Amino acid sequence: MSLIKNFPHILHGGDYNPDQWLHAPEVIDEDFRLMKVAGCNTFSIGIFSWSVLEPEEGRYDFSFLDRIMDRMAAAGQNVILATPTGARPFWMGTKYEEVRRVNRLGLREITKDRHNHCWTSPIFREKTLAINTALAARYGKHPALKLWHISNEYHGECLCPLCLSAFHEWLRQRYQTLEALNLAWWSSFWSHRFTAWEQINPADETIDGLALDWARFVSWQVRDFFEFEAAPLRQNAPGVPMLTNLMGFFEGVDYHALAPSLDFVAEDSYPRYNSANPIIVRDATQIGLKFDMLRCLKGEARPWFLIESCVDGANTWASIKLKDPGMHHLEMFQALAHGAEGTLYFQWRKGRGGREKYHGSVVGHNHVEETRVFQEVSALSKREQKLEAIIGSQNRAEVALLFDWESRWAYRNSMGVPQRTDGAALIEHATAQYAPFWRRGVTVDVLSSSHDFSKYKLVLIPRLFLLKPGFAARLRDYVEQGGTVVMTTLSGMVNESNLCWTDGCPGDGLEALAGVWMEEVDVVENAEIQNITALEGNSLGLSGTWPTGYVCTVLHARTATPLLQYSSGWKSGTPAATVNICGSGQLYFLGADLAEEAAEAFYGALIRGLQLPGFLPEQSPLPPGVTAQCRIKDGQQYWFLLNFSGAAQQIAVPSGAVDAESRQAAGALATLAPWEARVLQIPG
Ligand code: GLA
């Protein structure tokens with residue numbers, strides 16, 4: 001399956017906003033010339049064009065889009081045509097106040113900015129339906145139209161009366177009675193018992209069950225709005241696949257809940273890749289985790305692509321530090337390495353004015369073809385053309401890592417858990433478990449706990465705080481039938497309403513599966529160091545003493561066998577990590593966070609024990625800062641070697657490897673320059 005039917009090429013291009021240049025048609029002529037020179041083939045158009053397409057209420061003017069679509073088709077370019085709801089015209093916001101959002105203080109926003117429409121407003125929906133229908137009717141069969149780009153970066157909440165009453169209705173459907181809701185939200189605490197649905201307001205952040213359900217509701221609204229936008233497109237332009245641009249681990253929308261509506265996953269990715277970033281390797285590892293999540297968002301590996309990225313680093317909202325030469329290709333190859341089949345940018349050309357006039361772009365304000373950026377983009381087109389054999393290849397994983405948005409929301413809304421206020425902490429914890437696999441080139445699929453994980457050899461469960469109904473039973477079956485699980489600190493703490501389990505910890509029957517009881521949660525603070533030591537004769541053959549990470553729980557082994565124990569402080573001699581055999585499988589429980597060295601030792605032993613294939617023989621790590629990711633097709637492995645170390649690196653290469661671009665034999669040692677990305681093709 002390719003992203004665009006009958007187009008077996010890597011997509012390369014970006015957001016193109018010719019509507020900003022209608023007064024200067026020569027600029028648009030120049031754009032079409034430059035697109036060819038740069039070797040780009042795909043452009044997102046019309047994302048913020050509403051005020052041009054409907055300059056007055058009910059009066060449409062498609063003349064600019066007609067011209068651009070026709071020129072795109074004539075130039076052999078693919079268009080990802082946007083619905084324009086990412087920003088609305090001023091006439092709408094000023095005439096109809098209900099289209100504007102209300103914030104947590106109950107204040108309605110003024111008409112400004114973008115990405116801020118009310119999800120419920122009948123008027124906004126009416127206007128959306130009308131323009132989407134008109135776009136689909138006009139361009140549904142246009143030869144340039146290849147994909148629909150629904151809106152832009154859906155996010156945000158609205159607490160207007162319309163949204164609140166929609167929330168109350170959603171709660172009624174979920175709980176049926178207020179009694180059931182009060183119980184689920186533990187609302188006798190602080191006298192928060194509700195006696196009428198209308199009393200419920202998510203602006204009150206002190207009720208953790210309410211906060212969790214509000215987050216679910218907002219995600220539901222996003223999907224509902226997506227479906228609302230999609231309906232007239234499906235009807236008037238059948239068969240054109242749809243997507244919306246996602247933002248990785250963005251906390252506000254459960255992308256697993258949105259995924260069934262998406263035909264393809266498309267990501268806006270803006271990592272801080274520059275040599276002044278002291279944690280670039282950690283960032284790159286986390287980006288790898290994110291890409292693995294995107295690839296599997298629909299529960300099975302599917303082609304996906306970068307629909308936005310920043311070509312020269314100058315991203316006016318995240319960082320203005322430039323990427324070093326070479327780093328752009330490394331960043332784009334990283335996406336391809338994890339299954340992407342397209343690398344697009346925000347933005348093709350920067351405007352002369354507006355908030356993003358200095359934001360990175362392929363086409364700058366002057367001397368375009370002489371710029372480093374334009375030349376790097378043109379060179380990337382050539383490299384991507386040489387790599388077209390990867391289209392349709394797959395990243396095959398024997399390891400799954402489970403990550404849930406609901407768990408993250410429950411955690412964030414639970415006072416008294418470590419680092420709850422640091423939105424990134426859970427992702428960093430997941431990254432720390434993922435890193436040993438990344439360093440060895442062992443492929444990992446990142447799934448939701450609702451997905452089917454039964455086919456994997458190993459399932460990683462990093463801090464899965466909330467257990468969804470039925471999950472524990474599925475996990476038990478998986479282990480009993482021979483699966484291996486690693487469950488880390490603070491997993492299995494609450495149910496789907498954010499209520500603590502009382503049958504044990506981890507709860508919902510998992511205590512028996514883990515063979516441990518987690519009694520108390522401690523953290524290391526200030527200059528304190530808490531050590532852990534491998535127990536003699538442990539089944540993973542671990543030996544050594546290491547400092548823990550931040551969380552160190554108090555654990556009691558019931559049926560489980562301790563592997564690591566605390567070796568300093570008052571917990572000395574008590575278990576820090578255990579393994580429990582159940583049926584033909586086993587569950588490893590980490591009661592202490594493992595700092596990098598301990599994680600390397602633990603996961604390294606596991607990877608070897610389970611014979612999970614990596615790049616190097618013996619499943620040993622690649623040089624620091626280097627990863628290898630594998631895509632497979634027709635008996636050929638395409639190994640992407642990515643060097644984030646900032647130094648030249650040499651890697652031993654299996655015999656028979658050829659450089660996938662030059663087609664030259666790779667030799668026994670592959671050399672990677674600083675920030676270099678290469679692809680080796682190896683039979684197998
Ligand atoms: C987001 C938006 C784009 C643009 C870029 C800038 O991803 O979707 O419209 O604002 O950020 O980085």
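Every number for a ligand or one of its atoms is a count from 1 in the order of the listing. In this text the structure is predicted, and so the values were computed from the model without any measurement.
Proximity to Glu153 (heavy-atom distance under 4.0 Å) selects the following atoms of ligand 1: 1 (C), 2 (C), 7 (O), 8 (O). Numbered from 1 in the order shown, with element, the atoms of ligand 1 that lie under 4.0 Å from a heavy atom of Asn152 read 2 (C), 8 (O), 9 (O). Short contacts between ligand 1 and Asn315, defined as distances under 4.0 Å to a heavy atom of the residue, involve ligand atoms 12 (O). Using a 4.0 Å cut-off to heavy atoms of Phe48, the atoms of ligand 1 that qualify are 9 (O). Under a 4.0 Å criterion applied to the non-hydrogen atoms of Tyr270, ligand 1 contributes the atoms 5 (C), 6 (C), 7 (O), 11 (O), 12 (O).
For the pair Asn41 (side chain) and Leu11 (backbone), a donor-acceptor distance under 3.5 Å is absent. The backbone N or O of Asp19 sits nowhere less than 3.5 Å from a side-chain atom of Asn17 that would complete a donor-acceptor pair.
The single protein non-hydrogen atom nearest to atom 3 (C) of ligand 1 is Glu308 OE1, 3.4 Å, given as residue, atom name and distance. In terms of protein heavy-atom proximity, atom 10 (O) of ligand 1 is closest to Glu356 OE2, 2.4 Å. What sits closest to atom 9 (O) of ligand 1 on the protein, heavy atoms only, is Arg114 NH1, 2.9 Å. In terms of protein heavy-atom proximity, atom 11 (O) of ligand 1 is closest to Trp317 NE1, 3.3 Å.
Taking 4.5 Å as the limit, every side-chain heavy atom of Glu267 sits out of range of all side-chain heavy atoms of Leu297. Under the 4.5 Å side-chain criterion, counting only non-hydrogen atoms from C-beta, Arg104 is in contact with Glu157.
Look at Gln347 and you'll find every heavy atom at least 4.0 Å from all atoms of ligand 1.
Residues Phe291 and Trp438 place their aromatic rings such that the two centres sit no closer than 6.0 Å. Aromatic ring centres of Trp119 and Phe167 lie farther apart than the 6.0 Å criterion allows. Ring centers of Phe346 and Tyr270: at least 6.0 Å apart, outside the cut-off.
The ring pair (Phe, Tyr, Trp, His ring centres under 6.0 Å) test with His12 is passed by exactly one of Phe7, Trp348, Tyr345: Tyr345.
Using a 4.0 Å cut-off between heavy atoms, Arg355 makes no contact with ligand 1 at all.
Residue-to-ligand polar distances keep Asp15 apart from ligand 1: every N/O pair is separated by 3.5 Å or more.
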